Amino acid sequence: MDAHGAFSDEERAAVYDCIFNRRDVRCEFLPRPIPPEVIGRILRAAHHAPSVGFMQPWDFIVVNNPSIKSALHEAFTEANIEAERRFDPVRARAYRNLKLEGIREAPTGVCVTCDRNRAGPVVLGRTHQPDMDLYSTVCAVQNLWLAARAESVGVGWVSIIKPERLRSILGIPKEIVPVAYLCLGYVATFHQEPDLQAAGWAKRAELPALVSFDRWGARDETHSMFSAPQAKVHQP
Ligand SMILES: Cc1cc2c(cc1C)N(C[C@H](O)[C@H](O)[C@H](O)COP(=O)(O)O)c1[nH]c(=O)[nH]c(=O)c1N2
């Protein structure tokens, strides 16, 4: 970074590399523990996320205890059975074959929570959009995910679990919202494409079809934005 805060070409490429090669990791966690200083750096990155009114509504519960992980895994299994039933029979069969969590295998779990009252009843930027504190907490999750990728630590978000079960297992007070349960661990390899894409469940949409100019749906097909050469990084 230069004296004015501009990144070099290599630094910029490293950031895009990290973004395009971040993956949701559900299995293949190695048992090797993540050193405390690495967890510390990852949480510090999460804590430097933007937040509405600089509210910083998050807390981080670090889960190492195997019996707590087992209880969380049981809660996942209950929720997963219910989730599977919502799909039609063909899709349900495909769903059953997906691996959607690594709660017990991951050496570390992190639950990211949101304290909706942290900054009192009136918060700059939240008056007309009260959920901005939750969105801020999700920004912290994304910072965590990217910092972990930079540390070669895989992260998997497990949302197939009832919030009240998360609350009771982790002793989260009722006024605090559990936003994300994340599984963290080193992996042998980061997959190049999302697991759900590799499994044929869903695929990445074409970006130009999602961008419009000035008005919803007003697409300018001739716009050169996406015809520029791509950065030399793998973009699944
Ligand atoms: C809010 C939220 C919640 C979940 C997820 C993500 C997000 C953002 N994802 C991960 C999701 O499936 C994954 O991000 C996409 O499939 C794209 O893959 P990559 O993240 O690019 O590898 C996810 N994955 C999974 O296996 N079990 C889960 O419960 C969830 N829940």
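These numbers come from a predicted model, not from an experiment. Numbering of ligands and ligand atoms starts at 1, following listing order. Computed from heavy atoms alone, side chains included, the values below leave out hydrogens, waters and symmetry copies.
- Closest protein heavy atom to atom 20 (O) of ligand 1: Arg22 NH1, 2.9 Å.
- Residue Phe54 qualifies as open at atom CZ: its count of foreign heavy atoms under 6.0 Å is 12 or below.
- For Arg23, heavy-atom contacts with ligand 1 shorter than 4.0 Å involve the backbone as well as the side chain.
- Residue nearest to atom 16 (O) of ligand 1, selected from Val138, Asn80, Leu196: Leu196 (by heavy-atom distance).
- Under the salt bridge (Lys or Arg N to Asp or Glu O under 4.0 Å) criterion, Arg126 pairs with Asp133, sequence neighbours left out.
- Considering backbone and side-chain N/O of Glu101, none are found under 3.5 Å from N/O of ligand 1.
- Under the 4.5 Å side-chain contact rule for hydrophobic residues, Trp145 and Tyr186 share a cluster.
- When hydrogens are left out, the protein atom nearest atom 27 (N) of ligand 1 is Leu100 O, 3.0 Å; that is the closest non-hydrogen contact.
- Electrostatic pairing of Glu105 and Lys69 does not count as a salt bridge here, judged by no charged N lying under 4.0 Å from a carboxylate O.
- For atom 7 (C) of ligand 1, the nearest non-hydrogen atom from the set Phe76, Trp157, Phe20 comes from Trp157.
- Using cut-offs of 30° and 60° for the angle between ring planes, the Tyr16 and Phe20 rings count as parallel.
- Polar contact with ligand 1: present for Arg26 (N/O pair, distance under 3.5 Å).
- Between Asp59 and Arg118, at least one side-chain nitrogen of the basic residue sits less than 4.0 Å from a carboxylate oxygen of the acidic one, meeting the salt-bridge criterion.
- Under the 6.0 Å distance and 45° angle rule, Arg149 counts as a cation-pi partner of Phe190.
- For atom 31 (N) of ligand 1, the nearest non-hydrogen atom from the set Pro194, Ala202, Ser159 comes from Ser159.
- Proximity of His191 to ligand 1 is not established, as no heavy-atom distance is less than 4.0 Å.
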